[in-house]
Each structure stands twice: as structure tokens, then as C-alpha cells.
Amino acid sequence: MMNLRRALSNPKILAITVIALVAIVAVAIAVPLAVNSGDENDQKAEKQNAFFGRTVLDEVPLIDGHNDLPYNLYSFERNRINDFNLDRDLKLDPTWGKSKSSHTDIPRLLEGKVGAQFWVAYVSCSTQYKDAVERTLEQIDVIKRMVAQYPKYMKYVTSADGIMQAFKEKKIGSLIAVEGGHSMDSRLAMLRMFYELGVRYMTLTHTCNTPWADASPVDGNSSAVLKNVTEWGKNVIWEMNRLGMLIDISHVSHGVMVDVLTETKAPVIFSHSSSHNVFPHHRNVQDDVLKMLIENNGIIMVNFYTSFIGGNTIDYVLHHLNYIKSVTGPDHIGLGGDYDGVDSTPEGLEDVSKYPDLFDMLANGAYSNGTTFEAWTREDLQKLAGLNLLRVFREVEKVRDTMAKISPYEDLIPYQEFVDAGVADQPCMSDIDIHKS
């Protein structure tokens, strides 16, 4: 006790003792605070991580494979767009707002973080053997004029590099697609002119057969006589490879899918299709074709139409995405919503503004009912958003470059193919007889 009193009477020792006691108390207080702070930081990180999916769309362009807004411009405005304002909420428009197929305007595109869009020049199958070419040209024209009207938000592009340049400029890279081989009227010259006008993919059929390829409804028709892709149809595939035009095999029959994947020199796309295993609709893609798609290095861009996905919530789209990924891996998947081309979209994916929500759910690994699945990684989501499509596009461009010195294919479609299609007496085709020679 005396030694302790003497020690404490020494000013230096007393100061050291006080400092030591303060340090002990500080540590005792700080450790629990640090643990609590760590818990709070972990909780914040978990909360942020659960919604990191949408941040991917700031890193790579979200490239949607199929939007039918141009057809609505025809249906509602007769393509008279000089005084039409796309940069407003069309839900408030007395005409567009009542339509079940109006899902797109500039405010919603921006909210949805859309980085690039294939705008579709579509004309119905009723135009086949009539004025399909002229009507398609009108739709190409309205797409170009629409993009030119909004240079602050859109940039017309025709290449993979163009998509990335638009993304760097924070604009929506805008590309042109033609939906349905009937638009080219079985004339390779028209296919070449479409490419010159900026068309960068053509869907080989819509809901109707062409003389050279079957559409998907034949798969549900047991009495249908299948031709798949005819010999001349294979020349369409070859010419699209030579041009550098993406071959889109959404809407085609199963036999056409197989024939195209066998014949093409370049990767292909499904611009808006889903899994036949998840929902057995003839518009969806069977597993054998998905496996061929891996070998082809192509991409399937999943569709959102409720009648094709089998249900009316976002969970059904998630089911298709997860299943396709389980078959193909993450390198062959994209998104092709089919907005403005359908009259029913899933709850949670009502319009183009909802893409970020989809990416959040994929990153979080949970359906809307709380059941879980394997969360998609950031790299997976980047590929889904746009990197897969960019890879395919660049490979198609490389094939084009290797065929640059090859002359165009010139042979006319044989007259017999019109006979087989039952259209050899079409009165609107003034030169059909020349195909006999």
C-alpha cells in the first residue's frame, strides 16, 4: 500500500496511470460501437447489393431486340409525326393512353435505362404478294424520321461500334429491323436495298409462310406440308451473311430454326422468343435448338408477351431466363420485350420503364413471392443487358468482311416454289412468269 501511495504521489507515474485508464475505458466503449457500426454497414451493403442489378445498366448498354413502336405510329398516327410528341407520357394521351399495346415513350425509355433499341419495320402478312415492299419502306422511313426528331435522346446507328458510341454519348442507339421475310417479296435485290437503308436484322418469317420458309404456326398444324427452308431460301441466308445482316429466327418453324443454324456462316439471333420447355408454345424455342445455338454462338432475346411466357407476372419471365441460362449458360441470352407489339404484358414489366426492376430481381435471386434462385452475377447481367448481342453483332460483321469480295447472289426464286406455296396465280405479281425461265 505504501509503495502504491508513493507511486501515485509521483506526478509522472500518476499521469501515465490516468492515460492507461482512459485508454482502457475508450477501448471498452469503442469495441461495441465498432461492432454495431460494422453490423449497420453490413446491413447497408446487403440492402444496396440487393438492388445493384440496375447499376449494370449504367455500365453497359441495355440493348432490347424488338420494339414495335413504329407500327403504332402507323396505326394511330398514319406515320404523320411532325406534330407528334414522343417526349411526353403517352399514358396521358387520349388515344395512346387507352391502347393496351402502348408501352413506349421517351420518358419511360429513360426511366428504363434503355441503351439501344431495334425499332421494327413491320407490316402485316395481309400485304404479302401485294404492297409489302412499299409498306415496309414507309416504316423504315418513319423510324428514321422519328430518330431524327429527337437528337437529344436518340442516335441512329448501324453497327456494334455505333451502339457503343451512342451509349458513351448517353443516347439511345437506334437501329432498324424488318419483321417478316414477306417484306422482301422473295427478291434478293430488296434485301440488299433494305441493308443499304440501314436494316440490320430481318426476321425470316412472321406468322405467315413465305414461298421459301415456314412460319411457326406449322408446328401446331399436323396436316401442314413442311418445306422448312427451301434451296432458294438458303440463298437468303447466304446473302444475309454476305451483307452483314443479322438473321432473326423468331417466328419461324422448328424445322427452319434447324436449317438456318445448319446453313449460316454467322451467329444468329432470336429477337423476341422464350423457352418451349417452360411454356410449350410454337413461338418458343426447344432445347435441341438452344443447344445448337451454343455451337452457333448466337443469342436468344427473351420475350415478355404473356401469351408466349405462360403467365401474367414478372416471375414467368424470370423462369424463362433462369431455365435458358441453365441450358446455354450466360453467354447466349438477351432481352427482346416486344413492347408496343402485344396487348398484354406481365405485372412488374408493364412497359419499357421496368427493366431496372428485372435486373434488381435477377441480382437479388428472388421471385416476387419470396422463393429464391441462384442470383445472377454482375458479369452475367452485363452479358444479358447487351454484351452478348454486341458479340454476336461483331461476329456477323466479321463474316461480312470475309465475304466482301464475293459477288451478290442473283438467281431468281424458281417458279415451282410459288406453285408449291399455292400462289403462282397471284394477280399482283406482274413478273411472276419470268421465274419460269
Side-chain angles (χ1 to χ4, degrees), residues 65-76 78-79 101 118-143 176-188 190-191 193-194 199 201-221 223-230 232-233 236 240 247-257 259-260 270-273 281-284 303 305 307-308 336 338 340-344 413 417-430 432:
H66 197 92
N67 188 298
D68 281 300
L69 173 64
Y71 189 73
N72 276 344
L73 291 176
Y74 170 78
S75 299
F76 298 142
R78 293 296 181 261
N79 287 349
S101 65
F118 282 92
W119 302 109
V120 178
Y122 161 74
V123 299
S124 74
C125 281
S126 64
T127 65
Q128 186 166 211
Y129 312 118
K130 299 176 183 175
D131 56 351
V133 173
E134 301 97 301
R135 287 281 309 283
T136 302
L137 292 174
E138 286 180 339
Q139 293 311 108
I140 293 171
D141 169 72
V142 80
I143 293 170
I176 302 173
V178 164
E179 185 177 22
H182 62 282
S183 283
M184 61 172 277
D185 196 31
S186 299
R187 303 171 193 271
L188 292 173
M190 292 301 99
L191 181 67
M193 288 299 97
F194 286 162
V199 174
Y201 82 64
M202 184 177 76
T203 318
L204 295 190
T205 72
H206 191 244
T207 56
C208 52
N209 298 341
T210 66
W212 44 272
D214 294 329
S216 69
V218 303
D219 292 334
N221 181 359
S223 63
V225 177
L226 304 182
K227 58 179 176 288
N228 300 327
V229 176
T230 68
W232 190 85
V236 176
M240 291 178 76
I247 299 172
D248 176 23
I249 49 176
S250 285
H251 276 292
V252 304
S253 70
H254 178 265
V256 171
M257 294 177 191
D259 280 357
V260 170
F270 289 89
S271 70
H272 58 307
S273 295
H281 191 284
H282 59 75
R283 271 284 282 107
N284 291 333
N303 180 283
Y305 183 30
S307 294
F308 294 164
D338 205 5
D340 278 60
V342 297
D343 59 8
S344 177
I413 183 171
E417 296 200 8
F418 290 114
V419 174
D420 293 342
V423 296
D425 59 349
Q426 278 293 327
C428 295
M429 298 185 69
S430 62
I432 197 167

With a 4.5 Å limit on heavy-atom distance, are the side chains of [X] and [Y] in contact?
X: Val260; Y: Val256; answer: yes
X: Leu69; Y: Trp119; answer: yes
X: Phe270; Y: Met257; answer: yes
X: Phe418; Y: Ile413; answer: yes
X: Met202; Y: Val236; answer: yes
X: Arg283; Y: Asn303; answer: yes

- Task: Go through Lys227 and Asp420 one step at a time and tell me if the side chain to side chain contact (heavy atoms under 4.5 Å, CB included) criterion holds.
- Result: CA-CA 9 Å; Lys227 58 179 176 288; Asp420 293 342; over 6 Å; no
Roughly how far, to the nearest 0.5 Å, is [atom2] of [Y] from [atom1] of [X]?
X: Thr210; Y: Trp232; atom1: OG1; atom2: CH2; answer: 8.5 Å
X: Phe194; Y: Leu188; atom1: CZ; atom2: CG; answer: 11.5 Å
X: Met240; Y: Ile247; atom1: CE; atom2: CD1; answer: 5.0 Å
X: Thr203; Y: Ile249; atom1: OG1; atom2: CD1; answer: 10.5 Å
X: Gln128; Y: His206; atom1: CD; atom2: NE2; answer: 12.0 Å
X: Glu179; Y: Phe118; atom1: CD; atom2: CZ; answer: 13.5 Å

If you take all heavy atoms of [X] and [Y], which pair is closest and at what distance?
X: Glu417; Y: Thr230; answer: OE1-OG1, 2.9 Å
X: Ser183; Y: Val133; answer: O-CG2, 3.3 Å
X: Ser271; Y: Gly65; answer: CB-O, 3.8 Å
X: Ser101; Y: Asn72; answer: O-ND2, 2.8 Å
X: Gly341; Y: Asp68; answer: CA-OD2, 3.3 Å
X: His282; Y: Ser216; answer: ND1-OG, 2.9 Å

- Task: Quickly, which of Asn209, Thr136, Thr127 forms a side chain to side chain contact (heavy atoms under 4.5 Å, CB included) with His182? Name it, please.
- Result: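 One option only clears the test, and that one is Thr127.
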Quick check: does any side chain N or O of [X] sit under 3.5 Å from a backbone N or O of [Y], one acting as donor and the other as acceptor?
X: Asp219; Y: His254; result: yes
X: Gln139; Y: Val123; result: no
X: Asp259; Y: Val229; result: yes

- Query: Is there a donor-acceptor contact under 3.5 Å linking the side chains of Ser250 and Ser273?
  - Reply: yes
- Query: Cut-off 3.5 Å, side chains only: do Tyr201 and His66 have a donor facing an acceptor?
  - Reply: yes
- Item | Worked verdict on Leu204 versus His251 for side chain to side chain contact (heavy atoms under 4.5 Å, CB included) | CA-CA 8 Å; Leu204 295 190; His251 276 292; over 6 Å; no
- Query: Does NZ or CZ of Arg135 fall inside the cone over Tyr74's six-membered ring, less than 6.0 Å from its centre and within 45° of the axis?
  - Reply: yes
- Task: Apply the test side chain to side chain contact (heavy atoms under 4.5 Å, CB included) to residues Asn284 and Phe308: give CA-CA distance (whole Å), side-chain angles for both, the deciding distance (0.1 Å), then the verdict.
- Result: CA-CA 7 Å; Asn284 291 333; Phe308 294 164; 4.2 Å; yes
- Task: Go through the steps to decide whether Met184 and Val178 satisfy the test side chain to side chain contact (heavy atoms under 4.5 Å, CB included), and finish with yes or no.
- Result: CA-CA 9 Å; Met184 61 172 277; Val178 164; over 6 Å; no
